[in-house]
Amino acid sequence: MLDNTLLANIYAHGEKTYPEESCGFIAADGTVYEGTNIQNDLNKRDPALYPRTAKNGYSFSIKDVRALEGSFSSANPATIIYHSHPDVGAYFSSEDKDKALYMGEPIYDVNYLVADINNGCARGAKLFAYRNGDYTCIAQYDAHGFLQTETE
Ligand SMILES: [Zn+2]
């Protein structure tokens, strides 16, 4: 389902918001929903509670959360939540894990795609899935959005 055309859209979003993180989701039919990263607003309002800015964190807007949650009861549910990592590589951070889990259980039945945006240019992406209590990389894509490795 993740072909290079789809990934080109995800990469373009991450390059557009660089040096800040982009975020959004991909629906079952391949439609990309570009979210709005409101992390800077949260940080401005309450830096103690939200120490991260959009340069190293993401939070969906309320509109995005409603679209995401609404998708699960539709015929075209979200299957992947994506975000970009400016200049730090594509990995699933402890912050990403915290965001994906609630009381140790995945909040949404989705995989997570993290795009590596380096110096304003996409270098690749990794897809993470919840397996045996943790998020593990199940596929890796190159700078052109082509599948490099797949573990299942
Ligand atoms: Zn992240």
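Counting convention: from 1, in listed order, for ligands and their atoms alike.
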N118 versus H85, side-chain donor and acceptor atoms under 3.5 Å: no
Have a look at F128 and tell me which of Y91, F92, Y82 forms a ring pair (Phe, Tyr, Trp, His ring centres under 6.0 Å) with it. F92
Of the backbone and side-chain N, O or S atoms of E95, does one lie nearer to the Zn ion (ligand 1) than 2.8 Å? no
Assert yes or no for the condition that the ring centre distance of Y135 to Y112 is strictly below 6.0 Å. yes
The NE2(H85)-the Zn ion (ligand 1)-OD1(D96) angle, to 10°, is 160°
Which N/O/S atom belongs to H83 and is the closest one to the Zn ion (ligand 1)? NE2
Give the C-alpha distance, both sets of side-chain angles, the deciding distance and a yes or no for ring pair (Phe, Tyr, Trp, His ring centres under 6.0 Å) between Y108 and F72. CA-CA 9 Å; Y108 304 119; F72 295 118; 5.4 Å; yes
